[in-house]
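Below: one structure, written as structure tokens.
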Amino acid sequence: MNRKNNKRSFTCKNCGQLVPIDGCGTKNRNHCPKCLMSIHLDNIPGDRKANCGGIMEPISVWTRDNGEWAIIHRCRICGKINSNRIAADDNIVKILSIAVKPLSLLPFPLEYFEQLVMSENTNIEIDSKLD
């Protein structure tokens with residue numbers, strides 16, 4: 001993302017969206033709220049010392065211990081992986097599509113799972129956290 005001289009916004013290198021840095025619940029926005037892409041700028045958060053400059057693609061989401069959602073980004077050039085908290089104006093449809101993507105790419109035939117669940121000989125334990 002190209003930081004402007006006033007450091008109040010940047011333009012997304014991926015989609016061209018003008019992005020305010022200090023908007024929607026974050027003081028240091030580092031990804032585009034429209035496409036969720038970021039740029040590999042840091043070795044340590046905030047240091048701006050990475051020489052890569054590659055586009056960081058959102059590849060997953062996760063929930064932190066405090067319940068806050070974060071986006072997992074992977075650099076298209078060097079493969080570095082970072083976690084970035086979401087902001088209130090992030091594209092929720094994009095976030096949810098990333099979250100459910102593994103369900104559309106199961107590593108086994110769905111019919112096998114159905115047979116497993118429907119089998120009378122299968123004893124499935126329910127996680128106590130779900131009760």
Side-chain angles (χ1 to χ4, degrees):
M1 317 231 158
N2 296 325
R3 301 274 178 185
K4 292 190 171 190
N5 291 337
N6 65 12
K7 299 190 181 194
R8 304 298 298 162
S9 64
F10 62 86
T11 301
C12 177
K13 282 188 177 179
N14 183 65
C15 72
Q17 177 84 15
L18 182 62
V19 180
I21 292 198
D22 56 357
C24 294
T26 182
K27 294 178 184 173
N28 299 307
R29 181 188 297 272
N30 59 359
H31 65 270
C32 174
K34 181 178 176 184
C35 69
L36 305 179
M37 299 288 191
S38 185
I39 295 296
H40 187 184
L41 299 174
D42 300 339
N43 291 324
I44 299 170
D47 72 1
R48 299 295 188 249
K49 291 185 178 180
N51 293 323
C52 180
I55 291 179
M56 302 284 285
E57 181 176 12
I59 60 168
S60 187
V61 295
W62 71 292
T63 307
R64 295 177 175 173
D65 288 342
N66 64 2
E68 178 180 66
W69 279 42
I71 301 168
I72 305 296
H73 287 96
R74 179 178 52 215
C75 181
R76 288 180 174 171
I77 293 176
C78 72
K80 178 156 174 78
I81 294 178
N82 288 335
S83 173
N84 298 298
R85 63 189 300 237
I86 65 168
D89 64 342
D90 282 347
N91 182 339
I92 192 68
V93 172
K94 181 82 171 163
I95 291 170
L96 292 176
S97 71
I98 293 167
V100 300
K101 185 175 181 181
L103 297 176
S104 69
L105 302 170
L106 294 175
F108 52 83
L110 190 56
E111 295 79 19
Y112 175 76
F113 181 72
E114 183 179 7
Q115 290 171 0
L116 180 66
V117 171
M118 297 303 183
S119 171
E120 291 180 1
N121 297 329
T122 303
N123 186 6
I124 300 174
E125 293 183 28
I126 305 296
D127 189 339
S128 62
K129 292 179 184 177
L130 299 176
D131 293 339

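In this text, all values refer to a predicted model and were calculated from it rather than measured experimentally. Sequence positions, counted from 1, serve as the residue numbers for this chain.
- C52 SG to K80 NZ: the interatomic distance, rounded to the nearest 0.5 Å, is 10.5 Å.
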Check the pair L96, V61 against side-chain contact (heavy atoms from CB on, under 4.5 Å), reporting the backbone distance first and the verdict last.
-> CA-CA 9 Å; L96 292 176; V61 295; over 6 Å; no

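- Partners of N91 under the side-chain hydrogen bond (donor to acceptor under 3.5 Å, both in side chains) rule, at least two apart in sequence or in another chain, do not exist in this structure.
- Between P58 and I71, some side-chain heavy-atom pair lies under the 4.5 Å cut-off.
- For the residue pair N30 / H73, no side-chain donor-acceptor distance below 3.5 Å is found, with atom types taken as modelled.
- Looking at D90 and R29, their side chains come closer than 4.5 Å, going by heavy atoms from C-beta outward.
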May I have the list of side-chain donor-acceptor pairs in residues 63-70 shorter than 3.5 Å, sequence neighbours left out?
| unit_1 | atom_1 | unit_2 | atom_2 | d |
| --- | --- | --- | --- | --- |
| R64 | NH1 | E68 | OE1 | 2.9 |
| R64 | NH2 | S83 | OG | 3.4 |
| N66 | OD1 | E68 | N | 2.9 |
| E68 | OE2 | R85 | NE | 2.8 |
| E68 | OE2 | R85 | NH2 | 2.9 |

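- With respect to N14, the side chain to side chain contact (heavy atoms under 4.5 Å, CB included) criterion is satisfied by exactly one of H31, M37, M56: M37.
- Nearest heavy-atom pair across T11 and G16 is CG2-O, 3.6 Å.
- In the hydrophobic clustering (ILVMFWY side chains linked at under 4.5 Å, chained through shared members), I81 is joined by I59, W62, I72.
- R48 has a carboxylate O that lies under 4.0 Å from a charged side-chain N of D42, or vice versa, which qualifies the two as a salt bridge.
- In this structure, the side chains of C32 and C15 come closer than 4.5 Å at one or more pairs of heavy atoms.
- Side-chain atoms of I55 and C75, non-hydrogen and from C-beta on, never get closer than 4.5 Å to each other.
- In this structure N82 satisfies the side-chain hydrogen bond (donor to acceptor under 3.5 Å, both in side chains) test with no other residue, sequence neighbours excluded.
- Among residues two or more places apart in sequence or in another chain, the side-chain hydrogen bond (donor to acceptor under 3.5 Å, both in side chains) test is passed with E111 by none.
- Salt-bridge formation is detected for the pair R76/E57: a Lys NZ or Arg NE/NH1/NH2 atom is positioned less than 4.0 Å from an Asp or Glu carboxylate oxygen.
- Residues meeting the side chain to side chain contact (heavy atoms under 4.5 Å, CB included) test with I44, sequence neighbours left out: D47.
- Expressed to the nearest 0.5 Å, how far CD1 of I39 lies from SG of C12 amounts to 7.0 Å.
- Electrostatic pairing of K34 and D89 does not count as a salt bridge here, judged by no charged N lying under 4.0 Å from a carboxylate O.
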